[in-house]
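See below for the structure under consideration.
Counting starts at 1 for both ligands and their atoms, in listed order.
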Amino acid sequence: MSVLSGKKILLGISGGIAAYKTATLVRLFIKAGAHVKVVMTPASKDFITPLTLSTLSKNPVSSSFYHEEDENAVWNNHVELGLWADLFVIAPATANTMAKMVSGNSDNILIATYLSAKCPVYVAPAMDLDMYRHPSTKDSFEKLAAYGNTVIPAESGELASGLHGEGRMAEPENILAFLEKDIEGKLPLRGKKILVTAGPTYEPIDPVRFIGNHSSGKMGYDIALAAANEGAEVVLVSGPTHLSINHSNVKLVKVTSSADMYAACHEHFYNADAAIAAAAVADYRPKVVAEQKIKKNESSLMLELEKTKDILASLGEIKQEQFLIGFALETENEIENAKAKIKKKNLDLIVLNSLNDEGAGFGKSTNKVTFINSHFEEEPMELKTKEEVAQDIINKIKKYYNV
Ligand code: CTP
């Protein structure tokens with residue numbers, strides 16, 4: 001999955017021949033899973049039509065502050081457009097547009113939007129060889145960088161003038177790759193390793209039967225995805241679920257029993273920066289696992305159960321710098337029981353689910369949790385989707401690491 005997936009990209013197009021390549025650029029952004037809006041300078045419409053771009057981006061295109069021919073015209077809100085964007089890519093950026101960005105000369109909607117935008121801005125210059133080399137262009141590059149913009153270097157090759165050299169706008173594929181690499185490099189949890197447990201465990205009775213529970217695994221999978229989207233390298237140790245996860249930063253380790261989960265967690269915990277135990281691990285397992293299928297010869301059957309190892313508590317015992325998060329699912333004396341678990345399992349944070357809260361628990365897509373930290377400070381949260389709770393949990397890790 002591309003790091004651009006779900007991102008809102010505003011593409012600003014200024015009037016250079018390379019504007020014809022922006023149709024491909026919009027398609028690449030859409031294919032990467034981004035939402036795209038386009039803002040154009042009037043001059044760029046000589047090189048590519050707004051209709052092409054609105055069709056490809058599936059959004060209206062803005063090229064002026066209002067439509068002159070329409071007497072009922074509404075003002076195109078550049079402030080709103082600038083605030084909408086997660087990133088603003090100006091491609092192609094002509095020498096004229098860059099000079100205006102530097103001086104703040106907002107005589108068109110692209111520059112007005114640029115001045116209103118609060119998101120990261122990327123500039124892909126395109127011009128002829130000598131314009132590219134001109135001291136005033138170099139001056140623009142320096143000032144644009146000083147204002148916090150990122151310049152996507154132009155490429156060398158044949159130019160529209162027939163000359164050969166530097167100044168061609170980076171190819172759309174290269175702009176996409178540049179953005180992905182740059183954004184990935186700046187993700188807050190980049191370089192951090194996070195272990196997550198998810199799902200139920202199955203404790204075998206005989207070769208065909210087991211003791212299990214109804215955990216869907218969704219909470220743990222959402223946490224793994226939220227951590228990966230913030231740049232962390234995630235090991236997701238999962239009991240049997242119907243879920244799948246597709247992210248290059250997530251290594252999925254499938255396990256069945258609590259003993260398998262214990263072993264997998266201990267293999268990956270030593271070099272983790274944080275661990276989140278969202279699995280519903282069986283507390284007991286059959287003491288003896290029958291080698292053959294148990295026949296129904298008797299009118300009743302006794303199964304002797306023994307305690308499983310508490311994986312989270314075992315991680316709490318050996319933890320060094322790791323930020324350790326556990327879950328608690330309680331039905332009575334919730335806060336007190338959760339606090340006792342923080343101590344018993346040596347946790348930094350516990351996420352308390354109360355079954356008394358409507359919308360919380362197994363098989364639901366929402367969760368109402370209370371965070372309690374190691375100083376026993378309580379933070380009750382609203383009813384949220386599991387994705388939102390996952391993000392809240394990841395935000396706690398980010399806060400701990402001050403990123
Ligand atoms: N947990 C674990 N290994 C176990 C049991 C639980 O890692 N064998 C983890 C769960 O993933 C969860 C936390 O411990 O993060 C809380 O588990 P819970 O079942 O609520 O608490 P218990 O310690 O089992 O206590 P009790 O059943 O008495 O409430």
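With atom 12 (C) of ligand 1 as the reference point, the heavy atom nearest to it among Tyr262, Tyr284, Phe327 is part of Phe327.
The two residues Gln292 and Asp206 come nearest to each other via the heavy atoms O-CB, 3.7 Å.
For residues 98-109, the set of pairs meeting the side chain to side chain donor-acceptor pair (under 3.5 Å) definition, not counting sequence neighbours, comprises Lys100-Asp107.
Ion pairing between Glu184 and Arg190 fails under the 4.0 Å rule for side-chain N and carboxylate O. A salt bridge links Glu306 with Arg285: at least one charged nitrogen is closer than 4.0 Å to a carboxylate oxygen. For the pair Asp348 and Lys319, the salt-bridge criterion is met [side-chain N within less than 4.0 Å of a carboxylate O]. Taking 4.0 Å as the cut-off between side-chain N and carboxylate O, Lys396 and Glu379 count as a salt-bridged pair.
Ligand 1 is never approached by Met261 to a heavy-atom distance shorter than 4.0 Å. Heavy atoms of Lys307 come nearer than 4.0 angstrom to ligand 1 in no pair at all. Heavy atoms of Ser258 come nearer than 4.0 angstrom to ligand 1 in no pair at all.
Each of the following atoms of ligand 1 lies closer than 4.0 Å to a heavy atom of Leu329: 20 (O). Using a 4.0 Å cut-off to heavy atoms of Thr308, the atoms of ligand 1 that qualify are 8 (N). The Ala277 neighbourhood of ligand 1 comprises atoms 11 (O), 12 (C), 15 (O), with distances under 4.0 Å to a heavy atom of that residue.
Protein heavy atom nearest atom 4 (C) of ligand 1, with residue, atom name and distance: Val281 CB, 3.5 Å. Nearest protein neighbour of atom 26 (P) of ligand 1, counting heavy atoms only, is Lys341 NZ, 4.0 Å. The protein heavy-atom contact nearest to atom 8 (N) of ligand 1 is Lys309 O, 3.0 Å. Among protein heavy atoms, atom 5 (C) of ligand 1 sits closest to Asp283 OD1, 3.6 Å. Closest to atom 11 (O) of ligand 1, if we only count protein heavy atoms, is Ala279 O, 2.7 Å. Protein heavy atom at the shortest distance from atom 1 (N) of ligand 1 is Asp310 OD1, 3.9 Å. Atom 9 (C) of ligand 1 has as its closest protein heavy atom Leu312 CB, 3.8 Å. When only non-hydrogen protein atoms are considered, atom 6 (C) of ligand 1 lies nearest to Lys345 NZ, 3.9 Å.
Side chains of Ser257 and Asp260: a donor on one and an acceptor on the other come within 3.5 Å. In the model, Asn59 has no side-chain atom that pairs as donor or acceptor with a side-chain atom of His35 under 3.5 Å.
Considering backbone and side-chain N/O atoms, Gly326 never comes within less than 3.5 Å of an N/O atom of ligand 1. At least one N or O atom of Ile311, backbone or side chain, sits closer than 3.5 Å to an N or O atom of ligand 1.
Protein heavy atoms are absent from the 4.0 Å sphere centred on atom 28 (O) of ligand 1.
Under the side-chain contact (heavy atoms from CB on, under 4.5 Å) criterion, Glu330 pairs with Ala328, Glu334, Asn337, Lys341, Leu352, not counting sequence neighbours.
Annotation: side chain of Phe269 is not in contact with side chain of Val237 (no heavy-atom distance under 4.5 Å). Between Ile13 and Phe47, the closest side-chain pair of non-hydrogen atoms is not below 4.5 Å.
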